[in-house]
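Heads up: the structure comes next, in structure tokens.
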Amino acid sequence: DTGVSQNPRHKITKRGQNVTFRCDPISEHNRLYWYRQTLGQGPEFLTYFQNEAQLEKSRLLSDRFSAERPKGSFSTLEIQRTEQGDSAMYLCASSPDNQETQYFGPGTRLLVL
Amino acid sequence: QKEVEQDPGPLSVPEGAIVSLNCTYSNSAFQYFMWYRQYSRKGPELLMYTYSSGNKEDGRFTAQVDKSSKYISLFIRDSQPSDSATYLCAMTSWSGGGADGLTFGKGTHLIIHP
């Protein structure tokens, strides 16, 4: 196992377009998290999945954002009608049950023009 | 006031020096504390994890937690140029059965010069 993977690594889009990112967690990690990180800031929590169930959503996750984890394995994060303020690094992390440590992927860097 | 405060630096030290990185926090419910290292344009890499108060050592790294002061530290001994990165503190009140994202500091940009 090579850790958490994310695709694409970079995405440039025009304002108003929809984008979708994918995260593949470490195998057998049932917990999956999405974060957003802007320049000069630490990651900010967006949402959490336990298997396929989305159990927690931050107030940062506006209606334009939706996340899924349909079979409890990989997850997708979709942003609709992107805005320039959505430009950031989107990070995915996973952890095993009953462990608080989270392991991060390399991130997807989004630039909205 | 943010929940977690961390000086963004940059902190520049000579190779071989002992580095001290710190965070303060305001939420007394936090009980799990982590340090991550992040190289430019990469994802955070877990370095150290501690539970509640006390010290933990792993090679050149020592993590220290003082819950009474709401203060955590990371010490790096015999610092190397390859240690140059941004160091993020993170914490959670995670209770074992619930869902908690990590709360991060801004990160301290560390530069080790030869």
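Computed over heavy atoms, backbone and side chain alike; hydrogens, waters and symmetry mates excluded. Letters go in sequence order (proteins before strands), and every chain restarts at 1. Everything quoted here is computed from the prediction, not taken from an experiment.
- Partners of B:P10 according to the side-chain contact (heavy atoms from CB on, under 4.5 Å) rule, which considers only residues two or more places apart in sequence or in another chain, are B:H109, B:I111.
- Separating the CD atom in A:Q41 from the CZ atom in B:F104 is a distance of 13.0 Å, to the nearest 0.5 Å.
- In this structure, the side chain of A:Y35 engages the main chain of B:L102 through a donor-acceptor pair within 3.5 Å.
- B:I18 CD1: 12 or fewer foreign heavy atoms inside a 6.0 Å radius.
- B:L110 is connected to B:I72 through a chain of hydrophobic side-chain contacts under 4.5 Å among Ile, Leu, Val, Met, Phe, Trp and Tyr, so both are in one cluster.
- Hydrophobic clustering (ILVMFWY, side-chain heavy atoms < 4.5 Å, transitive): A:L77 and A:V4 are in distinct clusters.
- Contact annotation for A:Q37: only side-chain heavy atoms (C-beta onward) come within less than 4.5 Å of a heavy atom of chain B.
- Under the 4.5 Å side-chain heavy-atom criterion for Ile, Leu, Val, Met, Phe, Trp and Tyr, A:Y33 and A:L61 are members of distinct hydrophobic clusters.
- The 12-atom threshold is exceeded at CD of A:Q80, counting heavy atoms of other residues, nucleotides or ligands nearer than 6.0 Å.
- A:W34 and A:Y103 end up in different hydrophobic clusters when Ile, Leu, Val, Met, Phe, Trp and Tyr side chains are linked at under 4.5 Å.
- At a heavy-atom cut-off of under 4.5 Å, chain B is reached by A:F104, A:G105, A:P106, A:R109 from residues 104-113 of chain A, listed in order of number.
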Extract all donor-acceptor atom pairs below 3.5 Å that involve side chains of residues 16-24 of chain A and protein atoms in other chains or at least two apart in sequence.
residue : atom : partner : partner atom : Å
A:N18   : OD1  : A:R81   : N            : 2.8
A:R22   : NE   : A:D24   : OD1          : 2.8
A:R22   : NH2  : A:D24   : OD2          : 3.0

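- Contact of B:Q38 with chain A is made through the side chain alone, with heavy-atom distances under 4.5 Å.
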Audit row: A:Q102, B:M34, side-chain contact (heavy atoms from CB on, under 4.5 Å) steps and yes/no: CA-CA 9 Å; A:Q102 297 177 21; B:M34 285 148 252; 5.9 Å; no
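- Cluster annotation: B:V19 and B:F33 are assigned to the same hydrophobic cluster (Ile/Leu/Val/Met/Phe/Trp/Tyr, side-chain heavy-atom contacts under 4.5 Å, transitive).
- Heavy-atom neighbours of chain A within the stretch residues 40-70 of chain B, taken at a separation under 4.5 angstrom, comprise B:R41, B:K42, B:G43, B:P44, B:L46, B:Y49.
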